[in-house]
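Below is one structure, written out as structure tokens; comments come after it.
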Amino acid sequence: MLRTHTCGQLRKSDAGTEVTLCGWVESKRDHGGAVFIDLRDRYGITQVVIGPPEANATLIDEAGRVAAESVILIRGKVSERLEGKANEKLATGEIEVRSEHFEILNSCETPPFTPNQADLPGEDLRLKYRFLDLRRAEMQRSMVLRSTIVKTMRDYFAEYDFIDVETPILGRSTPEGARDYLVPSRVHPDSFYALPQSPQLYKQILMVAGFDRYIQVAKCFRDEDLRADRQPEFTQLDMEMSFVDAEDVMSLIDGLVARTAKEVLGKEVKTPLPRMTYDESVRRFGSDAPDLRFDMEIVDVTSVAKKTEFRVFRGTADSGGFVRGIPVKNAATKYSRRQIDELTEYVKGDFGAKGLAWFRVEDDGSLWSPISKNFDEAHLAEIKELMAGEPGDLLMFLADSWEVTSKGLAGLRKRLAVDLGLIDPEELNCSWVTEFPMFERDEETGRWNAMHHPFTAPLESDLPSLKDNPQDCRAQAYDLVINGSEAGGGTIRIHNPSTQSDVFELLGIDAETAEDRFGFLLNALKYGAPPHGGIALGVDRWVMLFAGLDNIREVIAFPKTQKAADLMTQAPGSVDKEQLAELHLRAAKVTN
RNA sequence: GGCGCGGUAGCUCAAUUGGUUAGAGUCCCGGACUGUCGAUCCGGAGGUUGCGGGUUCGAGUCCCGUCCGCGUCGCCA
């Protein structure tokens with residue numbers, strides 16, 4: 001070992017000890033006759049003094065010329081700082097190392113930015129020089145937190161006899177669901193592997209194989225557009241168990257959530273976590289991942305809208321649509337007409353709403369709005385009653401389909417909560433959304449799609465509706481929601497081949513296609529498949545949420561940009577013609 | 001694919017309605033300095049305003065196209 005201690009380790013009690021430290025030059029204060037260097041490693045910062053009597057003039061001169069972010073080694077004696085010179089900002093601030101030996105292990109070119117600079121550089125620069133960016137204290141914290149969370153997960157599942165099994169990265173493409181990343185095969189012309197979107201099918205087969213408790217920290221890949229909380233490759237804590245029902249899986253994860261909150265945040269999370277059905281969630285919050293850190297619940301006023309003379313409301317209600325709204329407490333004076341116009345543009349642009357209706361609850365309790373002349377007093381009173389409106393409130397409404405009102409109000413609700421500061425950044429709100437629909441209809445083709453995946457088991461009680469009323473058929477599915485973000489999702493799987501066939505049939509996957517794509521799973525189900533189910537937890541999301549961050553790239557060492565590029569390695573990149581030829585490929589477009 | 005925001009010195013930003021030589025802080029380079037911890041002081045260097053085209057007497061500023069980054073909707077079984 002080149003060093004005897006780390007830069008975060010030394011305290012007053014170490015005074016007098018001879019030490020050797022290694023690290024990066026965080027900053028340097030050159031006084032000519034003496035030089036102060038803040039030496040940094042991932043454990044902390046220690047002040048090094050290069051000055052007389054320990055150091056001679058040559059050494060002081062050399063230290064004065066060392067470039068920022070150079071890697072150096074120093075040897076010297078730990079000494080208590082002079083009276084009144086302690087630095088309270090540093091854990092090591094009561095001591096310094098008076099260096100008698102100073103050595104540059106590797107000098108650093110002038111970096112485009114330094115890890116500790118006051119203004120954070122643009123993200124593209126941070127990504128290009130990720131090795132510098134990762135030196136920043138925030139990034140180091142994120143990475144350590146990530147490691148701690150993964151360790152907590154592994155330890156937790158190990159306690160419950162789960163075993164870790166690795167499943168292939170090179171698998172089969174399944175055209176359902178997200179787009180696959182494909183890998184061409186050299187030895188099989190015109191054939192492709194696909195990178196896994198999840199280890200779903202493998203883990204089910206592991207259940208058939210008798211490994212009744214499986215986990216894996218699994219890299220997954222989806223070739224879809226990115227978001228602040230979505231990367232094309234991401235990590236899941238994938239888990240599967242045999243002989244369980246949905247409640248068993250949820251309560252096991254309840255324990256993990258509580259354990260993790262306790263371990264990494266020192267917070268108590270009460271279990272069992274609250275459960276809410278999908279229907280209830282969409283009705284009250286417009287979303288299947290409701291943010292329960294604040295109220296502003298959606299209220300359905302369609303019944304009143306039907307009676308009014310206001311054409312937009314009445315017309316929508318009469319034609320099977322919905323008029324739903326959210327009460328925004330004490331916001332009447334906080335939003336100008338212009339700001340409301342902006343919100344209107346938001347719901348129109350992002351959710352396809354036709355407009356945004358709003359009322360102000362006046363001091364006398366009456367409702368006022370540019371459209372209020374279209375309403376009878378009695379109807380206004382009814383609306384206010386339903387919305388529990390009080391003076392100073394702003395009531396906002398969308399009149400549209402169930403989907404548009406849900407998504408629009410959910411978006412509005414979240415945006416307003418952020419605007420109005422209704423969210424406590426310290427809160428960690430965890431809950432379950434259950435009983436998702438089995439199927440949703442594809443707007444374009446009119447066909448049924450699996451909402452989760454086609455191996456999801458229906459609720460026993462809904463089995464009769466599977467064939468004739470698929471829209472009413474609910475799944476044994478559960479999503480873990482943390483602070484309004486989907487942090488995991490799982491289901492109980494179908495373990496009997498005939499139910500599986502029924503589901504495929506409904507999805508328009510004929511027996512031949514099913515055999516071609518999933519034959520191996522269907523085959524396995526015939527050979528003694530136990531009842532089983534599991535969940536996949538989004539590790540990146542967990543770290544992001546536990547760290548209180550709102551961007552997933554901040555918890556991934558080497559993330560990709562919105563166009564799925566790696567600015568550091570320049571991936572994806574072009575390849576030689578020869579490489580393509582070996583893979584039996586030809587580029588469709590020649591790049592200039 | 002749609003909508004929106006952004007790109008000016010190595011970095012973070014500024015530049016009035018289109019108007020003189022595009023500024024500041026920081027970093028960097030040179031010098032001074034033994035108690036700093038955002039060290040201080042003196043001096044200096046540093047620019048094809050992302051790229052291409054257009055309008056104009058004149059473009060960082062206006063228009064068109066394009067590239068890159070970010071947010072969001074679609075998409076993400």
Side-chain angles (χ1 to χ4, degrees), chain A residues 26-38 45-53 55 57 60 64-65 67-69 81-90 92-93 96 98 109-114 116-129 132 174-180 197-198 200-201 220-232 234 342 345-353 404 407-408 411 414-415 436 438-440 442-444 448-456 475 477 486 489 491 503 507 509 517 550-551 553 560-563 565 567:
Chain A
E26 163 101 358
S27 71
K28 177 186 69 184
R29 294 171 293 281
D30 183 358
H31 289 241
V35 180
F36 298 86
I37 290 176
D38 286 343
I45 289 175
T46 298
Q47 172 163 287
V48 176
V49 187
I50 298 110
I60 294 169
R65 270 200 299 273
E69 293 304 310
R81 292 204 190 181
L82 302 177
E83 186 74 28
K85 298 295 184 185
N87 184 345
E88 289 170 11
K89 291 182 206 156
L90 295 181
T92 62
E96 63 196 9
R98 303 199 57 95
E109 288 184 15
T110 302
F113 63 91
T114 48
N116 56 320
Q117 73 185 46
D119 296 305
L120 200 61
E123 196 176 0
D124 43 355
L125 197 74
R126 292 176 52 207
L127 291 174
K128 183 174 176 187
Y129 293 90
L132 295 179
T174 51
E176 286 77 20
R179 267 186 286 268
D180 285 322
Q197 296 181 24
S198 96
Q200 181 61 36
L201 303 184
C220 305
F221 306 85
R222 292 178 190 173
D223 186 6
E224 296 293 344
D225 287 348
L226 279 56
R227 288 285 187 285
D229 63 352
R230 228 159 66 189
Q231 282 275 301
F234 56 100
E342 276 173 24
E345 288 310 308
Y346 167 62
V347 291
K348 283 163 91 170
D350 274 11
F351 304 104
V404 170
K407 289 186 174 181
K414 202 152 199 170
R415 180 170 162 149
F436 281 67
M438 279 287 285
F439 311 101
E440 57 189 349
D442 186 308
E443 294 291 330
E444 287 167 23
W448 292 105
N449 282 334
M451 191 152 182
H452 198 81
H453 57 59
F455 317 106
T456 299
E486 183 191 336
T491 65
V503 170
L507 294 171
I509 301 173
R517 288 178 193 164
D550 53 14
N551 194 302
R553 293 185 301 275
K560 294 191 168 48
T561 66
Q562 205 165 68
K563 293 191 74 181
L567 296 181

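Chain identifiers are assigned alphabetically (A, B, ...) following the order of the sequence lines, protein sequences preceding nucleic acid strands; residue numbering begins at 1 within each chain.
Note on A/Pro111: nothing from the nucleic acid sits closer than 4.0 angstrom, heavy atoms only. Within the 4.0 angstrom heavy-atom criterion, only backbone atoms of the sugar-phosphate kind lie near A/Pro121; the bases stay farther away. Heavy atoms of A/Leu120 sit under 4.0 angstrom from primed sugar atoms or phosphate atoms, though from no base atom. Residue A/Gly352 is out of contact with every strand shown, counting any heavy-atom pair closer than 4.0 Å. Residue A/Asp30 is classed as a base contact, given a heavy-atom separation below 4.0 Å to a base. Backbone-only engagement by A/Leu125 is indicated by non-hydrogen atom pairs under 4.0 Å involving sugar-phosphate atoms exclusively.
For B/G35, neither phosphate oxygen OP1 nor OP2 lies less than 4.0 angstrom from any side-chain nitrogen or oxygen of A/Asn87. Within the 4.0 Å cut-off from OP1 or OP2 of B/G69, at least one side-chain nitrogen or oxygen of A/Thr561 is found. Contact annotation: A/Arg29 side-chain N/O to B/C33 OP1/OP2 distance is not under 4.0 Å. Put simply, A/Gln562 has a side-chain N or O that comes within less than 4.0 Å of OP1 or OP2 on B/G71. For the OP1/OP2 pair of B/C68 and a distance below 4.0 Å, the side-chain nitrogens and oxygens of A/Lys563 include at least one atom meeting the criterion. Checking the phosphate oxygens (OP1, OP2) of B/G71, a side-chain nitrogen or oxygen of A/Arg553 falls inside 4.0 Å.
Rounded to an integer number of Å, the gap from A/Lys407 NZ to B/C76 P is 10 Å. In this structure, the CD atom of A/Glu342 is 19 Å from the P atom of B/C3, given to the nearest Å. Going from atom CD of A/Gln231 over to atom P of B/C76 covers 18 Å, rounded to whole Å. In this structure, the CD atom of A/Glu83 is 17 Å from the C1' atom of B/U36, given to the nearest Å. The nearest whole Å value for the distance from the OH atom in A/Tyr129 to the P atom in B/C11 is 9 Å. The CG-P distance, from A/Asp225 to B/G74, rounds to 12 Å in whole Å. In this structure, A/Phe351 atom CZ and B/G71 atom C1' are separated by 13 Å, rounded to whole Å. Put simply, CD on A/Glu224 is 13 Å from P on B/G1, counting in whole angstrom units.
Both thresholds, 5.5 Å between centres and 30° between ring planes, are not jointly met by A/His31 relative to the base of B/G35, so the two rings are not stacked. In this structure, the aromatic ring of A/Phe36 is positioned over the six-membered ring of the base of B/U36, centres within 5.5 Å and planes within 30°.
Taking atom C1' in both B/C27 and B/G10, the straight-line distance is 7 Å, to the nearest Å. Separation of the P atoms belonging to B/G43 and B/G4 is 49 Å when rounded to the nearest angstrom. The separation of B/G46 from B/A24, taken at their C1' atoms, amounts to 14 Å, rounded to a whole angstrom. Here the separation of B/A39 from B/C28, taken at their P atoms, is 10 Å to the nearest Å. Taking atom C1' in both B/G25 and B/C64, one finds a spacing of 36 Å when rounded to whole Å. Separation of the P atoms belonging to B/U49 and B/U8 is 11 Å when rounded to the nearest angstrom.
Looking at A/Thr92 and A/Gln47, their side chains never come closer than 4.5 Å, going by heavy atoms from C-beta outward. With contacts defined as side-chain heavy-atom distances shorter than 4.5 Å, the pair A/Met451/A/Thr456 does not qualify. In this structure the side chain of A/Ser27 never reaches within 4.5 angstrom of the side chain of A/Thr114, judged on heavy atoms. Looking at heavy atoms from C-beta onward, A/Arg222 lies in side-chain contact with A/Phe234 at the 4.5 angstrom threshold. Side-chain contact between A/Thr491 and A/Phe436 is absent, with no heavy-atom pair separated by less than 4.5 Å.
A donor N or O paired with an acceptor N or O is found under 3.5 Å between the base of B/G35 and the side-chain atoms of A/Glu96. With hydrogens and angles ignored, no donor-acceptor pair closer than 3.5 Å exists between the side chain of A/Asp350 and the base of B/C73. Looking at A/Arg98, its side chain comes within 3.5 Å of the base of B/G35 through a donor and an acceptor atom. If you check distances only, the side chain of A/Arg65 never reaches the base of B/C29 with a donor-acceptor pair under 3.5 Å. Contact of A/Arg222 with B/C76 (side chain to base): no donor-acceptor pair of N or O atoms is detected under 3.5 Å. The base of B/U12 lies outside donor-acceptor range of the side chain of A/Gln117, with no N or O pair under 3.5 Å.
Across the interface with RNA chain B, nearest-nucleotide mapping of A/Lys560 and A/Ala86 shows A/Ala86 to be the residue nearer the 5′ end. Where A/Pro112 and A/Val49 meet RNA chain B, the nucleotide closest to each residue was compared, and A/Pro112 sits on the side nearer the 5' end.
The two residues A/Leu125 and A/Pro112 make their nearest non-hydrogen contact at CD2-CB, 4.3 Å.
Taking every side-chain heavy atom of A/Lys89 into account, B/G38 is the closest of B/G35, B/G74, B/G38.
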